[in-house]
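So that the names make sense, note that chain A is the first sequence line, chain B the second, and so on, each numbered from 1.
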Protein chains: 2
Amino acid sequence: MTTEEKIKKELIQRFGDAYKAFGLSKLMGHIIALLLFSPEPLSLDEITKQLGRSKGPISQLVRRLRDKHLIRKVWMPGNNRKDFYEVEPEVFEHAFRNNLELIKNNTRIAKQLKEKVKSAKNGSLHPVDQRMVEMEKFYLLMEIHFNSFLTAWTKERKKIYK
Amino acid sequence: MTTEEKIKKELIQRFGDAYKAFGLSKLMGHIIALLLFSPEPLSLDEITKQLGRSKGPISQLVRRLRDKHLIRKVWMPGNNRKDFYEVEPEVFEHAFRNNLELIKNNTRIAKQLKEKVKSAKNGSLHPVDQRMVEMEKFYLLMEIHFNSFLTAWTKERKKIYK
DNA sequence: TTTAACGTTTGAAAATTATCAAACGACGAT
DNA sequence: ATCGTCGTTTGATAATTTTCAAACGTTAAA
């Protein structure tokens, strides 16, 4: 096995683990890693072949990755039949934004539960109320900092790819 | 069912979903939510009873929650046999820090792969190299902003619980 | 010292999720 | 118009994860 193949294998491996750690499908990580490594866009057939899986799951996960804006379809001249894919230029940013949605959901939980506790207030304040207030503030502040990170990154990225 | 019970049920439900969305066990979310709602620390028996599960999984997940610093054991006077648990005062911060570890792991992946590509450089630069450079910068910048969020939160939290 | 309650561990069962092979519909190519 | 290739869908199977019940060791209470 050449050095390049070893690197490719490790990239696939580690992206799989990372995706799983974030609660996503391991195979999704494999697909991203493979496309990340490939200098050229790959067809579904290529992906299935290189990852040694069958068409079913690849087709489904490629769709999900597209929904998440992590990869995109690219038109290849001279091949009107096959779909080719490559990673989105802003993969990392999009991956982060997907995570941001989960954060926002937490803010929503806190806000809604807080309201419900408040409206059901029966004289004595329930301790969970205080916690929900804290939780909402926590995630709101987090959203602010996450957004400021995104602006900072946009600037930084321009420097890299100018 | 009283309003309070409805709120409790919804809290448990939604924390379960949220935990699952972050790739953790749904039951872990249930335990946290239950403890979050309870004004008093709960024993393992209470938790198993209230969640309608058996001792095995509760025992295991309580340990994992403790490892993650999301809940803690609390000594109860007059009850030397049972272990009682409550949520850590800084649950949200600790939950965030756990996530930060995953982020740091991503930084590590980028750094390591980048090095390997560089050391294996065979004349023509492989496109994955550029991507790894970008990835590392992305997650390093993220770490900076995450840390600044944590400092900001520490300040904010003092205001709430002063 | 004995007993009983407690938390942990463990092997099996249940439930969920991932994966495959095959069938299908769509659409260029011939 | 027909054929063949492509991506999707689907029902069955495999693999993984979750859950339970029972056995176990430990330790406070009697």
(message) For D83(A) and K73(A): C-alpha separation, side-chain torsions, deciding distance, then whether side chain to side chain contact (heavy atoms under 4.5 Å, CB included) applies.
(response) CA-CA 7 Å; D83(A) 294 343; K73(A) 204 180 281 197; 3.3 Å; yes

Kindly assign one of parallel, tilted or perpendicular to the pair F92(A) and Y139(B), based on the angle between their ring planes and the thresholds 30° and 60°.
perpendicular

When rounded to whole Å, the CG to P distance for the pair L27(B) and dA14(C) reads 19 Å

To the nearest angstrom, the NZ-P distance between K82(B) and dG7(C) comes to 7 Å

| Full working for ring-ring contact (aromatic ring centres under 6.0 Å, His included) between F149(B) and F138(A) | CA-CA 10 Å; F149(B) 158 66; F138(A) 182 84; 5.3 Å; yes

For this session: Indicate yes or no: does E143(A) engage K104(A) in a salt bridge with an N to O separation below 4.0 Å.
Result: no

From the list I71(B), V87(B), V91(B), side-chain contact (heavy atoms from CB on, under 4.5 Å) partner of L65(B) resolves to I71(B)

When rounded to whole Å, the CZ to P distance for the pair R53(A) and dT17(C) reads 18 Å

Rounded to whole Å, the NZ-P distance (K73(B) to dC6(C)) equals 14 Å

Atom CE of M28(A) and atom C1' of dT17(C) are separated, to the nearest Å, by 15 Å

- prompt: Can you find a side-chain donor-acceptor pair between Q60(A) and K55(A) that sits under 3.5 Å?
  reply: no

Q | Side-chain N,O (K55(B)) to OP1/OP2 (dG7(C)) below 4.0 Å | A | no

Using a heavy-atom cut-off of under 4.0 Å over every strand shown, decide if K20(A) touches base, sugar-phosphate, or nothing.
sugar-phosphate

From CZ of R64(B) across to P of dT8(C) the rounded distance in Å is 14 Å

Closest to the 5' end of DNA chain C, once D83(B) and P57(A) are matched to their nearest nucleotides, is D83(B)

Chain A vs DNA chain D, heavy-atom contacts under 4.0 Å, first-to-last nucleotide span, 5' to 3', is dG4(D) to dT17(D)

note: Q60(B), atom CD; dG11(C), atom P; distance rounded to Å ~ 13 Å

I47(A) atom CD1 is separated from dT19(C) atom P, nearest whole Å, by 15 Å

